[in-house]
Amino acid sequence: QAQLVESGGGLVQPGGSLTLSCAASRSIFARNAMGWYRQAPEKARELIAGITSGGNTNYADSVKGRFTISRDNAKNMVYLRMNGLKPEDTAVYYCNGLLTKTSWGQGTQVTVSS
């Protein structure tokens with residue numbers, strides 16, 4: 001069973017930055033496009049950033065210009081650098097494949113508040 005472990009969340013003030021990390025088992029990571037998703041309270045989970053195995057990226061309009069997704073293929077890791085955080089970015093953040101998914105990890109909570 002492929003596994004995903006997210007980390008790096010926390011409480012940050014508006015305008016602050018965080019970097020999230022996702023450790024993925026090779027069965028889901030290898031040659032797969034990966035994505036970061038988030039789920040705010042009482043809202044559906046949404047895809048916010050994706051990266052192909054070759055490093056091409058795409059972003060939801062809500063995070064474009066503020067968030068940067070990257071991956072380390074040697075370490076089976078996916079990262080999300082978040083700058084200029086806003087209260088509306090408060091959510092639980094998850095990683096998973098884009099086309100091929102596995103069971104969701106526990107996610108990591110990001111809270112943006114003063």
Side-chain angles (χ1 to χ4, degrees):
Q1 179 77 14
Q3 289 188 322
L4 300 161
V5 180
E6 301 91 350
S7 62
L11 173 63
V12 63
Q13 293 186 341
S17 299
L18 282 174
T19 298
L20 307 184
S21 299
C22 170
S25 57
R26 184 152 185 81
S27 59
I28 185 65
F29 187 90
R31 296 184 298 278
N32 284 332
M34 297 294 294
W36 279 98
Y37 303 76
R38 69 184 181 188
Q39 186 167 19
E42 301 182 2
K43 291 190 176 181
R45 188 175 289 156
E46 61 172 342
L47 173 66
I48 58 169
I51 186 167
T52 67
S53 58
N56 293 317
T57 59
N58 203 2
Y59 300 92
D61 289 343
S62 58
V63 306
K64 195 172 295 183
R66 300 187 297 124
F67 290 11
T68 302
I69 187 172
S70 61
R71 65 191 287 162
D72 185 331
N73 291 337
K75 297 181 179 179
N76 296 344
M77 295 289 294
V78 187
Y79 305 98
L80 187 69
R81 175 65 177 178
M82 306 186 294
N83 295 325
L85 283 161
K86 305 175 181 179
E88 52 263 43
D89 294 318
T90 295
V92 180
Y93 285 70
Y94 304 87
C95 67
N96 212 321
L98 289 185
L99 298 180
T100 302
K101 290 186 175 61
T102 188
S103 300
W104 295 93
Q106 83 287 351
T108 186
Q109 175 71 47
V110 172
T111 302
V112 185
S113 175
S114 55

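The cluster map of Ile, Leu, Val, Met, Phe, Trp and Tyr, joined by side-chain heavy atoms under 4.5 Å apart, puts L85 and I48 in the same cluster. By the criterion of side-chain heavy atoms lying less than 4.5 angstrom apart, applied directly or through intervening Ile, Leu, Val, Met, Phe, Trp or Tyr residues, L18 is grouped together with V63 in one hydrophobic cluster. Connection of I51 to Y37 is not established within any shared hydrophobic cluster, with ILVMFWY side chains joined at heavy-atom distances below 4.5 Å, either directly or through further cluster members.
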* Might you work through the side-chain contact (heavy atoms from CB on, under 4.5 Å) test for N32 and L99, ending with a clear yes or no? => CA-CA 8 Å; N32 284 332; L99 298 180; over 6 Å; no
* For Y79 and T68, what are the C-alpha separation, side-chain angles and deciding distance, and is it a side-chain contact (heavy atoms from CB on, under 4.5 Å)? -> CA-CA 8 Å; Y79 305 98; T68 302; over 6 Å; no
* Determine, stepwise, if the pair R38 / S62 fulfils side-chain contact (heavy atoms from CB on, under 4.5 Å). => CA-CA 12 Å; R38 69 184 181 188; S62 58; 3.5 Å; yes
* To do: In sequence, state the C-alpha distance, the side-chain angles, and the governing distance for S70 and R81, and then conclude on side-chain contact (heavy atoms from CB on, under 4.5 Å).
  => CA-CA 8 Å; S70 61; R81 175 65 177 178; over 6 Å; no
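Not one N or O on the side chain of Q106 forms a donor-acceptor pair closer than 3.5 Å with the backbone of V5. Between the N96 side chain and the T102 main chain, a donor and an acceptor come within less than 3.5 Å of each other.
The heavy-atom pair separating S21 from M77 by the smallest distance is CB-CE, 3.9 Å. Of all heavy-atom pairs spanning S17 and N83, the tightest one is OG-OD1, 2.9 Å. Taking all atoms of both residues into account, the shortest heavy-atom contact from P14 to S114 is CD-N, 3.7 Å. When all heavy atoms of I28 and A24 are compared, the pair lying nearest together is CG2-CB, 3.9 Å.
Expressed to the nearest 0.5 Å, how far CG of L4 lies from CZ of F29 amounts to 10.5 Å. Once rounded to the nearest 0.5 Å, the distance linking CD1 of I69 with CG of N56 reads 11.5 Å. Interatomic distance, C95 SG to K101 NZ, rounded to the nearest 0.5 Å: 11.5 Å. We find the CZ-SG distance between R71 and C22 to be 10.0 Å, quoted to the nearest 0.5 Å. Here CD of Q109 is found 11.0 Å from CD of Q39. Values are rounded to the nearest 0.5 Å. Taken to the nearest 0.5 Å, the CE atom of M34 stands 12.0 Å off from the CG atom of L80.
The shortest side-chain heavy-atom distance between E6 and L20 does not fall under the 4.5 Å cut-off. Counting heavy atoms from C-beta on, the side chains of L47 and Y94 never come closer than 4.5 Å.
Both tests do not hold together for R66 against Y59: distance to the six-membered ring centre under 6.0 Å, angle to the ring axis within 45°.
Counting non-hydrogen atoms of neighbouring residues, nucleotides and ligands closer than 6.0 angstrom, the CD atom of Q3 reaches no more than 12 such neighbours.
Salt bridge annotation for K86-D89: absent, with no cationic side-chain nitrogen under 4.0 angstrom from a carboxylate oxygen.
Aromatic pair F67/W36: centroids not less than 6.0 angstrom apart.
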